[in-house]
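As structure tokens, the structure follows; a few thoughts come after it.
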Amino acid sequence: MTDICGDFRRLLMAALEDLAARGVLPQRLDLSRVAVEPAREPAHGELSTNAAMVLAGPSRQDPMRLAESLARALKDREFETGGYRGTGFRVEAARPGFLNIRFGAEVWHAQLKAILEAGAHFGDSDLGRGEKVNIEFVSANPTGPMHVGHGRGAVVGDALAALLEKAGYRVTREYYINDAGAQVDALARSLYWRYREALGESLGAMPEEAYPGEYLIDTARALIACDGEKWFGRPQGEWLAPLRDFAVGEMMRLIREDLALIGVTHDLFTSERELVETGAVAETLAELEKGGLIYRGVLEPPKGKLPEDWEPRAQTLFRATRFGDEVDRPLKKSDGSWTYFATDIACHRKRMKDGFPLMIDVWGADHGGYVKRMQAAVTALGGGKAQLDVKLCQLVRLFDKGAPVKMSKRAGTFVTLREVVEAVGKDVFRFIMLTRRNDQTLDFDFAKVTEQSKDNPVFYVQYAHARAHSVMRHAAEALPASALADEALAGARIERLEDPFELALIRRLALWPRLVESAAEAHEPHRIAFFLQQLAAEFHLLWTKGKEEARLRFILASDPELTLARLALVRALALVIASGLAIIGVAPCEEM
RNA sequence: GACCCCGUAGCUCAGUUGGAUAGAGCACUCGCCUUCUAAGCGAGUGGCCGCAGGUUCGAAUCCUGCCGGGGUCGCCA
């Protein structure tokens, strides 16, 4: 654990306790709003804390005077971070009541050493304390190949999972297969149509509700290879279920293949149909019933535009309004089968029973209207112990050289995830999917994302990593490999690094653990991608400084000691970029 | 009509969970290749953070009400 903000916070807390013991501060103050963060302005030092301002009110003191007492209380205390131990910092009170903290270079040197010692584990956190988290993502209907929007959800979910793992959670990646509703029956009928067609029957246009995609032609061939003409001419009652299962199986195989293309694998596939057939849904309903949360009733018609066929109907309803939803929600269709909501409640209940206090669902933004009712159900069944966060992913719009790529399922100009990934590669796809917040629409331009220039963030970051390795390769020509190993570099005379740009890079690297934690807490993996871009920029800058001023070059034949110190910095940069890319799921290439 | 998301530089977007003088990329202007990859870097121009109130030491961030864009709205998933 090397988090300089966190480490300083501990020191600050000790000082606050001391002030409380001396009667300067009241006992048992609420310290939750006290923050130690990196300063935004260089003029404000390197870290700053709002402690005095936050505590001024409750302790009835002038913030500025409190800040000054705090500064005194901190003076000459021992500070421990990343292997450093000493008093190499200065604290000063500033204007409204901030405390600005400055460090001697030795503190940053220790940070760099600690990074090299931690290696790929630098930034690991125990924020999650080994708590179990379930992340449900993708969960595309098993009725056809995946499109780009599914791909976005896949990357967001998978990167979030990796991020939470790095932050100390035990993560289960789950795919919920919607294989129980009407749409998989439609899939079976579509397959049957393709089956008859493949067996030589001449048919007209496909029915309206059918899935017209050509992928089912292959599935029909596979079916023939498997079952021959067994189903031909038989009544629907005989073939519907077996063909549905066959089709869903094939679709899931396709989907897994597509996911494998972008490096996504799930730990758990849960079948909606199984939840129904094993009685898990019925059990769930019984449990709600016992809690008095289910009733038969008629819903108010929606205000504003009234649906054409609206008529008052008595339905089986869940009292979602008790838990913050706008209306109570139906659990059964008029044919007696479960609604999607009912089975989904059962799915979340299963997760809670499996011991997940935290569940995260990654959905498309079109499901936004569904969030409250699902959270209501989780609250109702979890007794407040379980929590559900839903990440909604906005649309991905495809462009090529600035022109929108027109897509229509009907017209057949439908771009699948596979096509996109085959065109641009897994790494580009994954990185670009994280260059926007999940709730922001994302423009994906084939030309731009494959461009090798600084305008392309994927390239920009990978290039920084490759450059670092390029330096190491050059160094290896003059220095023995044993001197370039991480352990050896950790022992280099790092204190020789004195240039402000070098120290600035170390400072940025030292923020990595804090960034991992805040991104994990916010469930926002895109922050990793943005951090890597900043880090890459800082490194490219340093590189160019070496171009301009020979004394700033990494490799100096005249000064092997300084060379090794700089290589330590270069190596640390490569480590952090690689560990960030690992979360995003992008390969850190060593050559471009 | 209700609910959810979004609104930040001309464009595309970040903004460390309420901090100090709001940032980056593109575009535009001007600079930097005898030297580890110029596939890069620097400088400059550019802002009523949609509008109006409120909360407090302090608001792009939290609350309320509007305006604009998108999504959703009883047996689709």
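Just so we're on the same page: letters track the sequence lines, and every chain starts at 1. As the structure is a computational prediction, the values presented were derived from the model and not from experiment.
Residue-level contact check: A/Y463 touches the bases, meaning some heavy atom is under 4.0 Å from a base atom. Within 4.0 Å of A/K332, counting heavy atoms only, lies no atom of the nucleic acid at all. If you check every strand for non-hydrogen atoms under 4.0 Å, A/A475 touches nothing.
To the nearest whole angstrom, the two P atoms, one in B/G50 and one in B/A43, are 28 Å apart. Separating the C1' atom of B/U16 from that of B/G23 is a span of 12 Å, rounded to the nearest Å. Look at the C1' atom in both B/G70 and B/C33: the space between them is 47 Å, to the nearest Å. For B/U61 and B/G19, the P atoms lie 11 Å apart once the distance is rounded to whole Å. Comparing the C1' positions of B/C26 and B/U21 gives an interatomic distance of 25 Å, to the nearest angstrom. Comparing the same atom, P, in B/A22 and in B/C51 gives a spacing of 16 Å after rounding to whole Å. Distance check on atom C1': B/A9 versus B/C28 gives 13 Å, rounded to whole Å. For the C1' atoms, the distance from B/U56 to B/C63 is 13 Å, rounded to whole Å.
One donor-acceptor pair, N or O on each side, does fall under 3.5 Å between the base of B/U35 and the side chain of A/R553. Between the side chain of A/H367 and the base of B/A77, at least one donor-acceptor pair of N or O atoms lies under 3.5 Å.
Of the residues near RNA chain B, A/E524 and A/L552, the one whose nearest nucleotide (by heavy atom distance) lies more toward the 5' end is A/E524. Nearest-nucleotide positions on RNA chain B place A/R437 closer to the 5' end than the other of A/R437 and A/F341.
Between A/H367 and A/W363, the angle of the ring planes lies from 30° to 60°, which puts this pair in the tilted group. Taking the six-membered ring for Trp and thresholds of 30 and 60 degrees, A/F323 and A/F318 have nearly parallel ring planes, at less than 30 degrees apart. In this structure, A/H465 and A/H469 have tilted ring planes: the angle between them lies in the 30° to 60° band. The aromatic rings of A/H266 and A/Y175 sit perpendicular, their planes meeting at an angle over 60°, well past the 30° parallel limit.
In this model, the phosphate group of B/A14 is approached by a side-chain N or O of A/Q440 to a distance below 4.0 Å at OP1 or OP2. For A/H474, no side-chain nitrogen or oxygen approaches OP1 or OP2 of B/U35 to under 4.0 Å. Between A/Y460 and B/C41, a side-chain N or O to OP1/OP2 separation shorter than 4.0 Å is present. The shortest distance between the side-chain N/O atoms of A/K372 and the OP1/OP2 oxygens of B/C4 is below 4.0 Å. An OP1 or OP2 oxygen of B/G40 is reached within less than 4.0 angstrom by no side-chain nitrogen or oxygen of A/T544. Between B/A77 and A/W363, no contact under 4.0 Å exists linking OP1 or OP2 to a side-chain N or O.
Looking at A/L515 and A/F530, their side chains never come closer than 4.5 Å, going by heavy atoms from C-beta outward. Contact annotation: the side chain of A/F431 approaches that of A/T435 to within less than 4.5 Å [non-hydrogen atoms, C-beta and beyond].
How far CZ of A/R551 is from NZ of A/K545: 10.0 Å, rounded to the nearest 0.5 Å.
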**Study point:** Protein-to-nucleotide contact annotation, 5' to 3' order, nucleotides 19-29 of chain B [B base; S sugar-phosphate only; - none; under 4.0 Å, heavy atom]
**Key:** BBS-S--S---
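Under the 90° criterion around 0 for the glycosidic angle, B/U45 counts as anti. An anti base is found at B/C41: its glycosidic angle is more than 90° from 0.
By the neighbour-count criterion of 12 heavy atoms within 6.0 Å, atom CZ of A/R65 is sparsely surrounded, having that number or fewer from other residues, nucleotides or ligands.
A donor-acceptor pair under 3.5 Å links the side-chain atoms of A/Q183 to the main chain of A/N178, judged by distance alone.
Closest heavy-atom contact between A/V461 and A/I577: CG1-CG2, 4.0 Å.
Secondary-structure stems of RNA chain B, taken as three or more successive Watson-Crick or G-U wobble pairs (i with j, i+1 with j-1) under a 3.5 Å distance threshold, comprise B:1-7 with B:67-73, B:10-13 with B:23-26, B:28-32 with B:40-44, B:50-54 with B:62-66.
Looking at A/Q534 and A/R508, their side chains do bring a donor and an acceptor atom within 3.5 Å of each other.
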